[in-house]
Protein chains: 2
Amino acid sequence: MSVTHTGVTAGAAELEPCGQPDHPDCGIRDVLDRVGDKWSVLVIVELAGGPRRFRQLQRAIDGISQRMLTLTVRRLERDGLVLRTVYPTVPAQVDYRLTETGASLTHLVKALADWSLEHRDGIARARRTYDDQHPEHEIR
Amino acid sequence: MSVTHTGVTAGAAELEPCGQPDHPDCGIRDVLDRVGDKWSVLVIVELAGGPRRFRQLQRAIDGISQRMLTLTVRRLERDGLVLRTVYPTVPAQVDYRLTETGASLTHLVKALADWSLEHRDGIARARRTYDDQHPEHEIR
DNA sequence: CTGGATCCTGTGGGATACTG
DNA sequence: CAGTATCCCACAGGATCCAG
C-alpha cells in the first residue's frame, strides 16, 4: 500500500461527526459535490498540467460536451478553484488555470489516482467474484 | 496548507494521460464513480468507526433512504470495499465492516475531509464574491 | 430488522443550433 | 474560438408497500 497517512494535518477532521441531523455536513459534502462529478476532476487533472484554453480542455477531456465543460469550469471558477482569463482578441481567447486552492486539490486527486491504480485490479477481481456468486440479480 | 504531497507513491499516476480517447480511463474513473456519489463516502466514513448494522448506518447517515443505503452498501460489497456478514438470527441481523482495501480508502476520505474543512470558508467566500459580480444568471 | 419490488419525479447531461 | 439557449431523455434516487 503506497498511500500512507502522512502529510495530512493530524485530526483536523476525525471523521466521526458526519451525517447526523445536527451535523448535516462536516464539510465533506461541499468538496464531494464538486469532486463527485467526473468532469470536475478531469478538468482539474488537465489543468494540473498548466493553463489551458477552452478548446484544449475539450479536446483533452474525451467525451465531455461543450455544455458540460462550460458548466464545469464555471462552477470551478465560482468556487475559486480555477481562474478564468479572457483575452479581448478576435476571435475570443480564454484560458483557465488552477488557483492556488485549486492546485492544492491536485494533490488529493493524485492520491486518489494512485489509490485507484493500486486497487483497480483487486476491485475488478472482487466484482467478477461477486457477480459469479450472485448470478441472478444485477447489482449494477 | 496541511495537505502536503507526501506519503503517496511517487509518480504512480502522473496525472497526464487521462481523458484521451486512446486512454479512456487512467483508473481514476473507477474510484471516482464509487467515491463520487455522496452516499458511498458517508458509508465509508461511518464504517471507519467500526462495524455497523443496517439500521445503525441508516440512522447515522441522515437523509439516506433505505433503498439507497442498500444499493450503496451492495456496490461497496461488490467492489470488495465492504464486508457484509449475515447472522441467521430472528429477526435477521447483518453487519457491515470495511475490508482492508476499504479501510485504506478512509485515509483518502480523511484527506478530502481535511482539505474541505480547510477550504470551505474560502470557497464560500469565493462563491459569494462570484455571485455578487454575476448577479444576472444563476450558475447554480 | 434487513431488505426486495414498484412507482414516480427531478435533473444531470447529451445533441443541436445560434451568437459575438 | 468560446460560449449561450433549447430540447429532451435516461437514470439517480425518494416514497411506499411487501416479505423473510
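Chain naming here is simple, since letters A, B, ... match the order of the sequence lines and numbering starts at 1 in each.
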Legend entry - Charged N-O contact under 4.0 Å between Asp114(B) and Lys110(B):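 Yes, Asp114(B) and Lys110(B) are salt-bridged.
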
Inset, instruction - For the pair Arg125(B) and Asp121(B), find out whether any cationic side-chain nitrogen is under 4.0 Å from an anionic carboxylate oxygen. - result: no

Looking only at side-chain N and O atoms, does [X] come under 4.0 Å of OP1 or OP2 in [N]?
X        : N       : value
Arg67(A) : dT16(C) : no
Arg53(B) : dC1(C)  : no
Arg84(A) : dG3(D)  : yes
Tyr96(A) : dG3(D)  : yes
Arg55(A) : dC1(D)  : yes

What does the list of N/O pairs under 3.5 Å between the protein and nucleotides 17-20 of chain C look like, with a distance for each?
{"from": "dA17(C)", "atom 1": "N6", "to": "Gln66(A)", "atom 2": "NE2", "distance (Å)": "3.1"}

For [X] and [N], give me the distance from atom [atom1] to atom [atom2], rounded to whole Å.
X         : N       : atom1 : atom2 : value
Leu42(B)  : dG13(D) : CG    : P     : 12 Å
Arg52(B)  : dT2(C)  : CZ    : P     : 13 Å
His134(A) : dG4(C)  : NE2   : C1'   : 15 Å
Met68(A)  : dA2(D)  : CE    : P     : 18 Å
Ile61(B)  : dG14(D) : CD1   : P     : 12 Å
Trp39(A)  : dG14(C) : CH2   : C1'   : 10 Å
Gln58(B)  : dG14(D) : CD    : P     : 11 Å
Ile64(A)  : dA15(C) : CD1   : C1'   : 15 Å

Closer than 3.5 angstrom, by distance alone: can the side chain of [X] be matched with the main-chain N or O of [Y] as a donor-acceptor pair?
X         : Y         : answer
Thr101(A) : Leu81(A)  : no
Thr99(B)  : Gly102(B) : yes
Arg52(A)  : Gly49(A)  : yes

Inset, instruction - To the nearest 0.5 angstrom, please state how far the OG atom of Ser65(A) sits from the CG atom of Leu71(A). - result: 8.0 Å

Legend entry - Separation of Arg53(B) CZ from Asp95(B) CG (nearest 0.5 Å):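 Asp95(B) CG to Arg53(B) CZ: 8.5 Å, rounded to 0.5 Å.
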
Legend entry - Residue closer to the 5' end of DNA chain C, Phe54(B) versus Asp37(A) (nearest nucleotide): Phe54(B)

